[in-house]
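In what follows, chains carry the letters A, B, and so on, assigned in the order in which the sequence lines appear, proteins first and then strands, with residues in each chain numbered from 1. All heavy atoms count here, side chains included; hydrogens, waters and symmetry mates do not.
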Amino acid sequence: MSKVLSAVAWPYANGPRHIGHVAGFGVPSDVFSRYMRMAGHDVLMVSGTDEHGTPILVAADKEGVSARELADKNNTVIVQDLVDLGLSYDLFTRTTTGNHYNVVREMFRTVHGNGYMVEQTTLSAISPSTGRTLPDRYIEGTCPICGYTEARGDQCDNCGNQLDPTDLKEPRSKINGETPEFVETQHFFLDLPALAEALGEWLDDREASGTWRPNVIKFSKNILEDIRPRAMTRDIDWGIPVPGWEDQPTKRLYVWFDAVIGYLSASIEWARRLGDADRWREWWNPAPHGGEDALSYYFMGKDNIVFHSQIWPAELLAYDGRGDRGGEPGEYGALNLPTEVVSSEFLTMEGKQFSSSRGVVIFVHDVLARYQPDALRYFISAAGPETSDSDFTWAEFVQRTNSELVAGWGNLVNRTANMIAKNFGEVPAAVALEPVDEEVLAAVAAGFETVGDLIGRHRQRAAIAEAMRVVGEVNRYLTATEPYKMKGDDQRDRLATVLHVAAQCVLDCNVLLAPFLPHSSNKVWATFGGEGEFMPMPRIEHVQDLDPDDGAGIGTYPIITGEYSGTPRWGRRPVEVGTTVEKPTPIFTKLDPSVVDEELERLGR
RNA sequence: GGGGCGGUAGCUCAGUCGGUCAGAGCAGAGGACUCAUAAUCCUUGGGUCGUGGGUUCGAGCCCCACCCGCCCUACCA
């Protein structure tokens with residue numbers, strides 16, 4: 001048994017999240033975490049909303065509310081979406097808590113003390129009216145190369161040339177149209193070059209493990225070639241104050257030294273709420289102080305690879321004092337670097353890039369309001385952007401739901417339960433197993449090995465396809481044995497045997513599919529007379545900020561947590577003879593093909 | 001400009017170390033069956049494996065060039 005940290009990317013709280021987000025990190029991380037718990041590992045799954053930064057300020061200004069109010073609102077929405085999807089976080093928190101602020105400060109002080117945080121002066125664009133940093137992409141102007149009048153500060157969309165905002169002719173703020181001011185400003189930079197060697201060694205070691213997706217390790221090594229210091233602070237008044245610069249309220253830590261630290265701060269918050277304040281160390285500190293066998297898996301979309309395979313490990317190395325400048329770990333002790341950075345690609349929507357502003361978007365909330373959460377989880381697991389971009393279309397969603405979930409798996413559950421209810425009213429005992437019975441039992445049991453191995457290697461599409469292939473084996477078994485033709489008393493024993501075997505196989509398949517389809521696994525469990533919850537589900541709790549005076553002043557806030565110790569083991573559990581089975585109600589709802597047109601029309605609006 | 005990824009049956013995609021690799025699922029066609037949400041089961045796929053070269057006894061799989069699509073390029077997060 002290992003300590004397994006499931007570190008899930010922090011959704012940005014500038015609005016509700018769309019299905020591309022949960023396809024990239026949400027569902028894959030939950031499938032993995034649920035499976036690892038079933039396999040007997042001690043999983044700690046953490047995340048939260050990322051609530052600082054310019055986009056949130058801009059969105060808040062637009063709505064006429066404060067940044068904190070906007071973050072509160074979107075945090076509430078996102079928390080509800082994720083819990084409705086059944087994502088089994090041990091703790092889903094926020095970056096605005098006092099606990100997070102304190103952990104970030106401790107990280108900063110130690111990294112600074114170890115010599116990896118250096119001050120540099122840069123030329124930066126600020127908004128004259130607010131004094132806030134204007135990120136390059138919030139500056140527009142005329143391209144000096146092609147004359148395009150709507151070039152952005154980082155790049156001209158017309159000629160494709162990379163630009164510096166100071167190159168633009170007639171620069172203007174995209175936010176309010178005013179002319180930005182370019183001023184010299186002091187910032188703290190993380191000295192990445194001093195950590196490059198250690199980073200390279202870590203990446204070489206990770207590459208040698210052979211477990212990372214090839215494109216992720218390649219990309220990570222590639223960006224290491226051109227490594228340079230990165231600013232960890234910004235001129236902005238919404239974020240975590242910079243230790244040592246408390247007298248400068250318009251200087252705050254940047255997301256690179258904020259959100260990624262959330263993995264650690266959330267682990268600490270989880271332990272504190274548990275009343276066992278040092279418990280987090282089992283996942284974070286190397287042996288002998290921490291867990292003997294602590295593994296960490298980071299889930300995200302490909303746009304976040306640089307954060308997780310460069311910035312965050314560099315910060316950990318700097319904290320540990322393992323770069324060129326040496327140093328000592330701070331009060332948290334030496335911290336483990338990621339075991340694996342599990343990055344997915346992007347989901348597109350009817351062939352186009354998601355874009356909230358252009359209406360090319362489908363929010364998680366809207367899907368869950370109209371369809372079963374497991375239907376979305378199934379689509380994402382079976383057809384998500386695991387190793388290359390993939391496309392979500394309503395036609396494929398309906399088709400996969402109806403022909404695979406409903407007709408394949410749902411129907412197997414239904415026909416099996418129906419025959420048992422009609423003929424026995426309870427799970428019958430097997431009388432005498434014939435070769436065909438032994439064969440299907442063996443074929444299904446083999447699935448625990450094959451499906452589990454695939455999930456462990458982050459090949460979830462192949463894993464769920466394999467599970468569905470096993471479901472097909474059981475459907476074929478019923479067709480081959482024809483229990484529905486066994487009417488006579490002389491066939492009673494054979495009928496009992498076949499239905500007993502079928503029930504066993506259905507419950508086995510339910511285990512195989514449980515990481516992917518936790519909601520329906522509970523229904524299947526109940527259909528065959530199971531007591532209580534089969535797969536534990538997350539819940540929302542409203543809690544007090546643990547350090548109310550140190551954070552952004554959020555007071556009481558909703559967290560996602562859960563009690564997952566009752567998670568069933570990965571493997572066969574003998575079906576209980578004599579359990580009452582009543583006429584079942586279908587597990588999944590079949591979708592009318594008309595929903596394709598309805599949804600496309602919604603998109604068009 | 002630089003870096004990366006992809007282009008395989010109508011659709012979505014598998015193809016690990018080059019030699020049963022030309023495949024799966026879905027859709028379509030035909031048939032069987034009726035326990036089940038008209039579900040299930042069986043049969044049915046000849047697609048220049050983006051294009052043109054090359055290496056090799058042999059290449060979707062290796063090399064080169066080109067075409068097309070997508071992503072990244074570090075002050076979006």
Side-chain angles (χ1 to χ4, degrees), chain A residues 9-14 50 52-56 58 122-125 133-139 152-155 159-162 164-165 187 192 214-216 218-219 222-223 225-231 233-236 254-256 258-260 301-307 310-311 345-346 348 351 353 382-383 386-391 393 395-396 399-400 402-408 410-423 459 461-462 465 468-469 472 474-480 482-486 495 498-499 502 583-591:
Chain A
W10 290 50
Y12 196 56
N14 63 339
D50 173 13
H52 297 128
T54 307
I56 283 188
V58 172
T122 60
L123 196 62
S124 143
T133 299
L134 269 175
D136 290 356
R137 293 186 189 200
Y138 281 92
I139 301 171
R152 293 183 315 184
D154 57 337
Q155 187 179 339
C159 66
N161 281 290
Q162 214 175 314
D164 192 276
H187 283 298
L192 287 163
N215 55 330
V216 179
K218 244 194 226 167
F219 181 81
N222 191 290
I223 56 179
E225 313 245 313
D226 184 26
I227 196 166
R228 61 183 79 161
R230 290 219 201 200
T233 54
R234 285 292 182 281
D235 292 293
I236 192 172
Y254 188 47
V255 63
W256 295 340
D258 173 358
V260 286
K302 63 179 165 186
D303 54 333
N304 262 307
I305 293 176
V306 65
F307 281 67
Q310 183 169 103
I311 308 286
E345 305 288 307
F346 286 158
T348 53
Q353 180 94 255
E386 189 170 279
T387 54
S388 62
D389 292 356
S390 72
D391 193 33
T393 64
E396 192 182 347
Q399 186 262 98
R400 282 190 180 268
N402 287 349
S403 65
E404 298 176 28
L405 253 197
V406 176
N411 182 52
L412 173 63
V413 174
N414 212 35
R415 66 196 299 211
T416 304
N418 232 306
M419 284 188 275
I420 291 175
K422 199 179 289 181
N423 290 292
R459 298 192 53 185
R461 290 172 61 132
M468 292 302 284
R469 189 193 61 74
V474 185
N475 265 324
R476 273 188 286 283
Y477 168 76
L478 288 179
T479 301
E482 301 180 314
Y484 40 84
K485 286 186 179 170
M486 300 171 186
L495 177 62
V498 168
L499 292 182
K583 185 172 170 54
T585 51
I587 306 295
F588 298 106
T589 306
K590 188 168 182 173
L591 302 178

My understanding is that only residues two or more places apart in sequence, or in another chain, count here; which of them pass side chain to side chain donor-acceptor pair (under 3.5 Å) with [X]?
X	value
A:Arg400	A:Glu396, A:Glu404
A:Asp258	A:His52, A:His100
A:Ser390	none

Distance check needed: [N] [atom2] versus [X] [atom1], whole Å only.
X	N	atom1	atom2	answer
A:Arg476	B:U34	CZ	C1'	19 Å
A:Asn475	B:A38	CG	C1'	15 Å
A:Phe588	B:A39	CZ	C1'	14 Å
A:Asn414	B:A38	CG	C1'	14 Å
A:Asp303	B:G4	CG	C1'	15 Å
A:Met486	B:U34	CE	P	13 Å
A:His52	B:C75	NE2	P	20 Å
A:Leu591	B:A39	CG	P	13 Å

Side chain proximity check, [X] to [Y], heavy atoms < 4.5 angstrom:
X	Y	result
A:Thr387	A:Glu345	no
A:Asn475	A:Arg415	yes
A:Leu478	A:Met419	yes
A:Pro584	A:Asn418	yes

Could you tell me whether [X] contacts a base, only the sugar-phosphate backbone, or nothing, with contacts defined as non-hydrogen atoms closer than 4.0 Å?
X	result
A:Asn14	nothing
A:Pro55	sugar-phosphate
A:Phe346	sugar-phosphate
A:Val406	base
A:Thr416	nothing
A:Leu412	nothing
A:Arg461	sugar-phosphate

Nearest-Å distance once atom [atom1] is located in both [N] and [M]:
N	M	atom1	value
B:G15	B:G47	P	24 Å
B:U73	B:G58	P	44 Å
B:C62	B:G6	P	10 Å
B:C21	B:G4	P	31 Å
B:G19	B:A38	C1'	47 Å
B:G53	B:C61	P	14 Å

**Complete:** A correct 5'-to-3' footprint of nucleotides 23-31 of chain B, with B, S and - meaning base, sugar-phosphate only and no protein heavy atom under 4.0 Å, is --SS-----
Any side-chain N or O of [X] less than 4.0 Å from the OP1 or OP2 oxygen of [N]?
X	N	value
A:Lys590	B:A38	no
A:Thr387	B:A14	yes
A:Arg459	B:G15	yes

Among [options], the one nearest [X] by side-chain distance:
X	options	answer
A:Glu396	B:U40, B:U12, B:C35	B:U12
A:Lys302	B:C71, B:C41, B:C75	B:C71
A:Ala407	B:U40, B:C42, B:U12	B:U40
A:Arg415	B:U12, B:U37, B:A36	B:A36
A:Lys485	B:C35, B:C42, B:C33	B:C33

**Asked** Any donor-acceptor pair under 3.5 Å between the side chain of A:Asn418 and the base of B:A36?
**Response**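 No, no donor-acceptor pair under 3.5 Å.
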**Item:** For RNA chain B, stems built from three or more consecutive Watson-Crick or G-U wobble pairs below 3.5 Å
**Value:**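 The stems are B:1-7 with B:67-73, B:10-13 with B:23-26, B:28-32 with B:40-44, B:50-54 with B:62-66.
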**Message:** Before you tell me yes or no, could you show the steps for A:Asn411 and A:Val406 under side-chain contact (heavy atoms from CB on, under 4.5 Å), namely the whole-Å CA-CA distance, both residues' side-chain angles and the distance that decides it to 0.1 Å?
**Reply:** CA-CA 6 Å; A:Asn411 182 52; A:Val406 176; over 6 Å; no
**Item:** Option from A:Asp50, A:Val255, A:Asn304 for which side chain to side chain contact (heavy atoms under 4.5 Å, CB included) with A:Trp10 holds
**Value:**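 With A:Trp10 as partner, side chain to side chain contact (heavy atoms under 4.5 Å, CB included) holds for just one option, A:Asp50.
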**All salt bridge (charged side-chain N to carboxylate O under 4.0 Å, His left out) counterparts of A:Glu386, not counting sequence neighbours** =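 None.
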**Asked** Taking all non-hydrogen atoms of both residues, which atom of A:Asp391 and which atom of A:Thr393 are closest, and how far apart?
**Response**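 Result for this residue pair: OD2-CG2, 3.4 Å.
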**Request:** Compare every heavy atom of A:Asn14 with every heavy atom of A:Pro55, then report the nearest pair and how far apart it is.
**Result:**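 Taking every non-hydrogen atom into account, CB-ND2, 4.2 Å.
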**Assigned glycosidic conformation for B:G60 [threshold 90° from 0]** =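 Judged by the O4'-C1' to base torsion, B:G60 sits in syn, the angle falling within 90° of 0.
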**Request:** Between A:Glu345 and A:Asn304, just flag the one whose closest nucleotide in RNA chain B comes earlier from the 5' side.
**Result:**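 Its nearest nucleotide lies further toward 5', so the answer is A:Glu345.
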